[in-house]
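Please read the structure below before turning to the comments.
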Amino acid sequence: MIGLAGALGTGLFLGSGSTIAFGGPGTILSYLLAGMLALIVVWEMAEMVSVHPVPGGFGAVAGAYVGPWSGFVVRWNLVVTFVIAIGAEVTAAGTYLQHWFVDLPLWAGTVACAIFIFALNLLTVRLYGTSEYWFSMIKVTAIVVFIVLGLSLIFFGWPSPNPPTGFANLTAHGGFAPNGIGGILIAACLSVFSFGGLETVAVTAAEAEHPERDVPKAARNMIIRLLLFYVLAIAVVVTLQPWNATVTSGSEVTASPFVRVMDLVGIPAAGHIMNAILIVAALSAANGCLYTASRMIHSLALDGLAPRIAGETARNGTPRMAIAVAAIGVAVTAALAIFTPTTAFFYLSGCATIGTLVGWAFISMTHLAFRKRRAHYEEETGISLPTPPARLWGAPFTSWLVIIAAIAIYVALAVPMPEIWIAGIPYLAALVIAYALVKKFHGVSPQQSLSLE
């Protein structure tokens, strides 16, 4: 449920309209393609962290198998990406609150949502897990109800008084792929970011009771459900109404494709229902991102790559100082999101966008090194290592596929998302330079020792 909560966000409920603008009904295939890449990444993480359930998850594994520079870049990249996401999500939640409380200042709603999220993370990990479970349950229930109602309208016409919708909208208005194969591929590139946040499921390994059993199980169940939810939900949206009527890039609640479909069903107060779901989705995403960012900061501190104070934990094991460090970044990004949404925060969002691609590419690079080191160990010692509880099918080819796809997506998004080019390269350069400076002036401690046996 934690993995689902991270990946089922406002990108599906509100932002899917802008993706449909490129792919048309073919966006169904776009989400399927993006989901297959996500499946590979999730399985890579599950294989590595089920063997090494350490603080920092796959970031710590990257430091041990690829090198300290990799552990630095992977973890700080995830911290930056998720801190920006938290700032954006709590600001979005504050905006959605204004749908009901018109006179509420945006900063006040944003601060209230941020305090709520930080309180959940500062107390106990059990409270975090419980809250994220229920957040996820609300979102999953909403999607399942939406899919069931949509399928009923398509096949039976119920509960509306109109005849069944059928599948005419999938081929009318320019055909299944109105913008050609290129449009479907561009939509697939944009769809990748809807699956961002699934990294959280691997980071929980160090605090899971039985990570060798639970992480692979969670990864398998999560990705199957994600594929079903995304593909079926988008299929319902583009089947019930013409795809060009769904297209929108607006941020208003009423711009959601889901609201428009609920209006077709005749559900009263559809906008209010969707507003509640959007608030839950935003708070849930922020909750999961804060958990992951704080655990990465804590792991970096243990390896001497972040302020030492961030490595301290409370009596119950919660890394409260790491959460406090993350809070500073969230305060800055939330302020930028409120006061400079089309300037500074616009480019900051470009950094976060490329951060997902960088993270997936480094996870695959780490998995290649992980497999190679284990194979070399077995060859040298003649000792057969235990088979990991989760094992990626098709490796190393599937891992290389993710790396190549990440590069191709970065190139393909130059036109629809130029900010990732303007901000992305300087951002990556800044991470590398930051590591070089830390190494020169502070030194780099040995990374966490991970036993192959």
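Residue numbers count from 1 along this sequence.
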*With rounding to the nearest 0.5 Å, note down the distance linking CG in Leu185 to CG in Leu33.*
7.0 Å
_Testing the basics here: between Pro164 and Phe156, what is the closest heavy-atom pair and its distance to 0.1 Å?_
CG-C, 3.5 Å
*Measure across Met48 and Ile363 and return the closest heavy-atom pair with its distance rounded to 0.1 Å.*
CE-O, 3.8 Å
*What are the two closest heavy atoms between Gln98 and Leu104, and how far apart are they?*
NE2-O, 2.8 Å
_As an exercise, state the distance from CD1 of Ile420 to CD1 of Ile354, rounded to the nearest 0.5 Å._
5.5 Å
*asked:* Between Thr318 (side chain only) and Leu123 (backbone N and O only), is there a donor and an acceptor less than 3.5 Å apart?
replied: yes
*Determine the minimum heavy-atom distance between Ala361 and Ala406, stating which atoms define it.*
CB-CB, 4.2 Å
*Would you give the length of the straight line joining atom CD1 of Ile328 to atom CD1 of Ile323, rounded to the nearest 0.5 angstrom?*
13.0 Å
*Is there a donor-acceptor pair under 3.5 Å between the side chain of Asn179 and the backbone N or O of Phe22?*
yes
*For Ile309, look at atom CD1 and say whether over 12 heavy atoms of other residues, nucleotides or ligands are found less than 6.0 Å away.*
no
_Could you measure the distance from the CG atom of Asn121 to the CD atom of Glu132? Nearest 0.5 Å is fine._
8.5 Å
_Does any part of the side chain of Lys139, heavy atoms only, come nearer than 4.5 Å to the side chain of Ser284, both counted from C-beta?_
yes
_Test log, rule side chain to side chain contact (heavy atoms under 4.5 Å, CB included), inputs Phe146 and Phe229_ = CA-CA 10 Å; Phe146 173 81; Phe229 291 154; over 6 Å; no
*Do the side-chain N and O atoms of Arg75 and Ser299 include a donor-acceptor pair separated by under 3.5 angstrom?*
yes
_Point-to-point distance, once rounded to the nearest 0.5 Å, from CD1 of Ile297 to CG of Leu305_ = 12.5 Å
*Is the Tyr347 to Tyr427 ring centre distance short of 6.0 Å?*
no
*Look at the side chain of Thr91 and the backbone N and O of Ala337, then say whether any donor-acceptor pair between them is shorter than 3.5 Å.*
no
*Provide the closest heavy-atom pair for Leu240 versus Thr165 in the form atom of the first, atom of the second, distance.*
CD2-OG1, 3.6 Å
*Are any side-chain N or O atoms of Tyr31 and backbone N or O atoms of Ala233, one a donor and one an acceptor, separated by less than 3.5 Å?*
no
*Checking Trp107 side chain against Ala335 main chain: does a donor-acceptor pair fall under 3.5 Å?*
no
*Is the gap between the ring centers of Phe101 and Tyr96 under 6.0 Å?*
no
*Are side-chain heavy atoms of Ile86 and Thr333 found at a separation under 4.5 Å?*
no
*Verdict with reasoning, Phe167 to Phe155, per ring-ring contact (aromatic ring centres under 6.0 Å, His included)*: CA-CA 9 Å; Phe167 299 94; Phe155 289 102; 5.5 Å; yes
*Trp43 side chain to Ala390 main-chain N or O, any donor-acceptor pair under 3.5 Å?*
no
*asked:* Using side-chain heavy atoms (C-beta onward) and a distance below 4.5 Å, is Ser70 in contact with Met365?
replied: no
*Could you tell me whether a side-chain N or O of Thr340 sits under 3.5 Å from a main-chain N or O of Leu336, the two making a donor and an acceptor?*
yes
*Would you call Val73 and Phe362 a side-chain contact if the rule is heavy atoms closer than 4.5 Å?*
yes
*With distance as the sole test, does Trp421 use its side chain to make a donor-acceptor pair with the main-chain N or O of Tyr410 at under 3.5 Å?*
yes
*Non-hydrogen atoms of Ala310 and Met321 that approach each other most closely*: CA-CB, 4.0 Å
*asked:* We want to know whether Glu419 and Thr353 form a side-chain donor-acceptor pair, criterion being a heavy-atom distance below 3.5 angstrom.
replied: no
*Just wondering, do Thr356 and Phe193 contact through their side chains at under 4.5 Å, heavy atoms?*
yes
*Look only at the side chain of His298 and the backbone of Gly311, and say whether a donor-acceptor pair between them is shorter than 3.5 Å.*
yes
*Check the surroundings of atom CH2 in Trp100: do more than 12 heavy atoms from other residues, nucleotides or ligands lie under 6.0 Å from it?*
yes
*For the residue pair Ile40 and Trp393, establish whether any side-chain heavy-atom pair is separated by less than 4.5 Å.*
no
*Any side-chain heavy atom of Thr239 within less than 4.5 Å of one from Asn169?*
no
*Atom CG of Leu228: over 12 foreign heavy atoms under 6.0 Å*: yes
*Is the side chain of Asn77 donor-acceptor paired with the backbone N or O of Gly355 at a distance under 3.5 Å, no angle test?*
yes
_With heavy-atom distances below 4.5 Å as the criterion, would you say the side chains of His173 and Pro178 are in contact?_
no
*Just checking, is any N or O donor in the side chain of Ser191 or Ser30 under 3.5 Å from an acceptor N or O on the other one?*
no
*Going from CD on Glu89 to SG on Cys113, what distance comes out if it is rounded to the nearest 0.5 angstrom?*
10.5 Å
